[in-house]
There are 2 protein chains.
Amino acid sequence: MISTQEHRSEKPRYLAILEENVRAALKVQHVILLESRKILDDLGFVEVLAPVIGPASDPGIRGAKRVTFDFYGKEYKIMSSMILYKQALVRTFNNVYAFAPNIRLEPLSKANSGSHLCEFYQIDLEMRDKTINEVMKVTEIFLDRLLYKVKLHCGDILEKYNKEFEVPKIPFPRISYYKVFLIANKLGLSMNYGDEIPSEIELELSKRSTRPFWIVDYPSGSRGFYYKENPEDTSRLLSMDLIYPHGFGEASSGGERETDVNKILELIREGGENEEEYSWYLDMLKSDGKKSSGLGIGVERLTRYIMDFKNIDNCTAFPKKPGSYTC
Amino acid sequence: MISTQEHRSEKPRYLAILEENVRAALKVQHVILLESRKILDDLGFVEVLAPVIGPASDPGIRGAKRVTFDFYGKEYKIMSSMILYKQALVRTFNNVYAFAPNIRLEPLSKANSGSHLCEFYQIDLEMRDKTINEVMKVTEIFLDRLLYKVKLHCGDILEKYNKEFEVPKIPFPRISYYKVFLIANKLGLSMNYGDEIPSEIELELSKRSTRPFWIVDYPSGSRGFYYKENPEDTSRLLSMDLIYPHGFGEASSGGERETDVNKILELIREGGENEEEYSWYLDMLKSDGKKSSGLGIGVERLTRYIMDFKNIDNCTAFPKKPGSYTC
């Protein structure tokens, strides 16, 4: 399903970015960057400049490491995601978004996965007072409009690289974590119930699908401490992933946010995290946490899906890959 | 000239962002972020996602320090500016821009300057085959259109915070570094001919002006190694600063790029820099450097100028100030 037309350059990046497929992907990305903003503005979202460094960052990043450094005598991190900061921002604006850079030192084993970069951008959305279902609905509307605009403005590029690309119908189907677990078992793929779904299984399901789909109802304890338990069934989290079809794998993660500081503190301690790092966030929740839901859509992965590319390094000008120093 | 209406909050940021002046500044910034892109797209620029980390970053940052960290066994930096990467990007697109985050550990003495943040964004423009004069002209057109749009969409906010704000007439006046030097002497302000202009002097000139103005003709050796010498007078650089009026100080720095790798190597060595760090950049120039010119416009400073604010920390959701750990 993934294109074989694509050339993967081993040249230095100042030469690789001259190649037609990288240029084409960057042109599509330009359209994504511009049209996303117009659509999100139209949907009532306020754009903010993403924080890049800070004392606290997202620990729920599936085995990747965060970068730490000394900031005037205190340990700071480069953002692995701005999730905690989005929860602050919805206090002042109902709907916020940022094109947020994320730095994650991925394990070397992911260097050639085709979908992992140590530096990538997310379209990070957050909506105050909204449920996970409302965010899923807005995301579908957003992607529907955006992909329509990409088709409209990048017809010549799609004609060359992804002739069969269609704007997928919304709403996208949903399957539960439990269903994924059953399918994995049936296929003889190893998955522990209660853990995060391994990328291989997401990929296998992605290959078998012709439409983007949501995975919902992750079990409590399987994901980051910031996801709220479903009050109707506390064994499940109000968290979802969006998966691209045709083997392109994960598009997005998100959900509804936990506001109970005691539950969060417990999970931070269980995870062996240093709670002092999260002090402003914990103070905020103690003072009054606001109900919100949101997600992050990886920009390079979205570009890759549209371009039908095997290699995500062709979807960014200066790819940072685990253990590689090309730029 | 700078407003006294503004409240500077000592509250935690999750509370400070609820205050009316911070919300107003962030709303203006949203308009800047959206309208800038529409205008730059219309002017033929392609937006790229800014690199955030890499082996090489801009050393010409006036006494601030760069953050270094270990990237799979090699020393990497957080971008202090993406100047070197823009020079690569114009190889593939004529006109490029990014909203680029910059991290600079400023000296503690600048903590309360009102205009310094350790984390800030620049609208980073670069144009292939263009002269410094052409970039100055495009920047004037860009700012003219953008400020008109801000006035149009943020009339209520300006009415409250900066009632007298007018879109400044273009072209902006230009004065030479030498003229600045003479004025500084006349005012009894200390300035060594050949050094970068001290911020205090820029500020003093800014206070005495009612319009933005350019400073041009910096002496060779006074600025970053990437600026080209004027071929008609090699004692001067093809480099400029844009200064806001009314005491708001520096808006932007830029110029035409040096492409002679030997001249650059000499300056890198003179500056005590490690040339190995710049290897891809030097390789690119050895292979064939492209003529280009560009500049970077600080987004928070632009917001501050429009808002007529004393404190730049009111122009960003999560200000990173030297030696302060509020978020």
Side-chain angles (χ1 to χ4, degrees), chain A residues 12-15 17-18 22-23 26-27 29-30 33-34 37-38 41 46-55 67-74 76 78 85 87-89 91-93 99 101 103 105 108 118-121 280-281 283-284 287 299-300 316-318 320 322-327, chain B residues 12-15 17-18 22-23 26-27 29-30 33-34 37-38 41 46-55 67-74 76 78 85 87-89 91-93 99 101 103 105 108 118-121 280-281 283-284 287 299-300 316-318 320 322-327:
Chain A
R13 290 310 288 181
Y14 64 85
L15 293 175
I17 57 174
L18 304 182
V22 178
R23 292 192 73 223
L26 293 177
K27 277 188 198 166
Q29 205 163 72
H30 168 69
L33 299 179
L34 184 65
R37 286 175 167 102
K38 292 184 191 167
D41 183 66
V46 173
E47 182 174 6
V48 289
L49 294 170
V52 176
I53 59 171
V67 172
T68 60
F69 63 95
D70 181 79
F71 184 78
Y72 302 92
K74 192 173 157 98
Y76 262 43
I78 310 180
Y85 293 84
Q87 287 177 253
L89 286 164
R91 300 170 69 88
T92 197
F93 297 116
F99 273 77
I103 303 294
L105 301 180
L108 290 170
C118 297
E119 173 183 283
F120 67 96
Y121 278 75
W280 74 258
Y281 170 71
D283 285 347
M284 175 178 78
S287 118
V299 181
E300 295 84 352
T316 182
F318 306 106
K320 309 301 180 316
S324 163
Y325 318 115
T326 54
C327 53
Chain B
R13 290 311 288 182
Y14 65 85
L15 293 175
I17 56 175
L18 305 182
V22 177
R23 292 193 74 223
L26 293 177
K27 277 188 197 168
Q29 205 163 72
H30 168 69
L33 299 179
L34 184 65
R37 286 174 166 103
K38 291 184 192 168
D41 183 66
V46 172
E47 183 174 5
V48 289
L49 294 170
V52 176
I53 59 171
V67 172
T68 60
F69 62 95
D70 181 79
F71 185 78
Y72 301 92
K74 192 173 155 98
Y76 262 43
I78 310 180
Y85 293 84
Q87 287 177 252
L89 287 163
R91 299 169 70 89
T92 197
F93 297 116
F99 273 76
I103 302 294
L105 301 180
L108 290 170
C118 297
E119 173 183 282
F120 67 97
Y121 278 74
W280 74 258
Y281 170 71
D283 286 347
M284 174 177 79
S287 117
V299 181
E300 296 84 352
T316 183
F318 306 106
K320 310 300 181 313
S324 163
Y325 317 114
T326 54
C327 53

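Throughout, a chain's letter reflects where its sequence line sits, starting with A, and its residues are numbered from 1.
Comparing Lys38(B), Arg91(B), Gln87(B) by how many heavy-atom pairs each has under 4.5 Å with chain A, the most go to Arg91(B). Here Cys327(A) is the residue among Pro55(A), Cys327(A), Cys118(A) with the most heavy-atom pairs under 4.5 Å with chain B. Chosen from Val48(A), Thr316(A), Asp41(A), the residue pairing most often with chain B at heavy-atom distances under 4.5 Å is Asp41(A).
If you measure heavy-atom distances from Asp70(A) to chain B, the contacts under 4.5 Å come from the backbone alone. Neither the backbone nor the side chain of Phe120(B) has a heavy atom closer than 4.5 Å to any heavy atom of chain A. Residue contact with chain A, scored on non-hydrogen atoms closer than 4.5 Å, is absent for Tyr281(B). With a 4.5 Å cut-off on non-hydrogen atoms, Tyr85(A) touches chain B through its backbone and its side chain both. The contact between Ser324(A) and chain B is made entirely by backbone atoms, counting heavy-atom distances below 4.5 Å. Both the backbone and the side chain of Glu47(B) come within less than 4.5 Å of a heavy atom in chain A. When heavy atoms are compared at a cutoff of 4.5 Å, Glu300(A) approaches chain B solely by way of its side chain, counted from C-beta outward. At a 4.5 Å heavy-atom cutoff, the contact between Phe318(A) and chain B is made by side-chain atoms alone. Using a 4.5 Å cut-off between heavy atoms, Ile78(A) touches chain B through its side chain atoms alone. Both the backbone and the side chain of Val46(A) come within less than 4.5 Å of a heavy atom of chain B. Contacts between Ile103(A) and chain B at a heavy-atom distance below 4.5 Å involve the side chain alone, from C-beta outward. Contacts between Phe69(B) and chain A at a heavy-atom distance below 4.5 Å involve the side chain alone, from C-beta outward.
There is no side-chain donor-acceptor pair under 3.5 Å between Arg13(B) and Thr326(B).
Between the side chain of Tyr121(A) and the backbone N or O of Ala50(B) there is at least one donor-acceptor pair closer than 3.5 Å.
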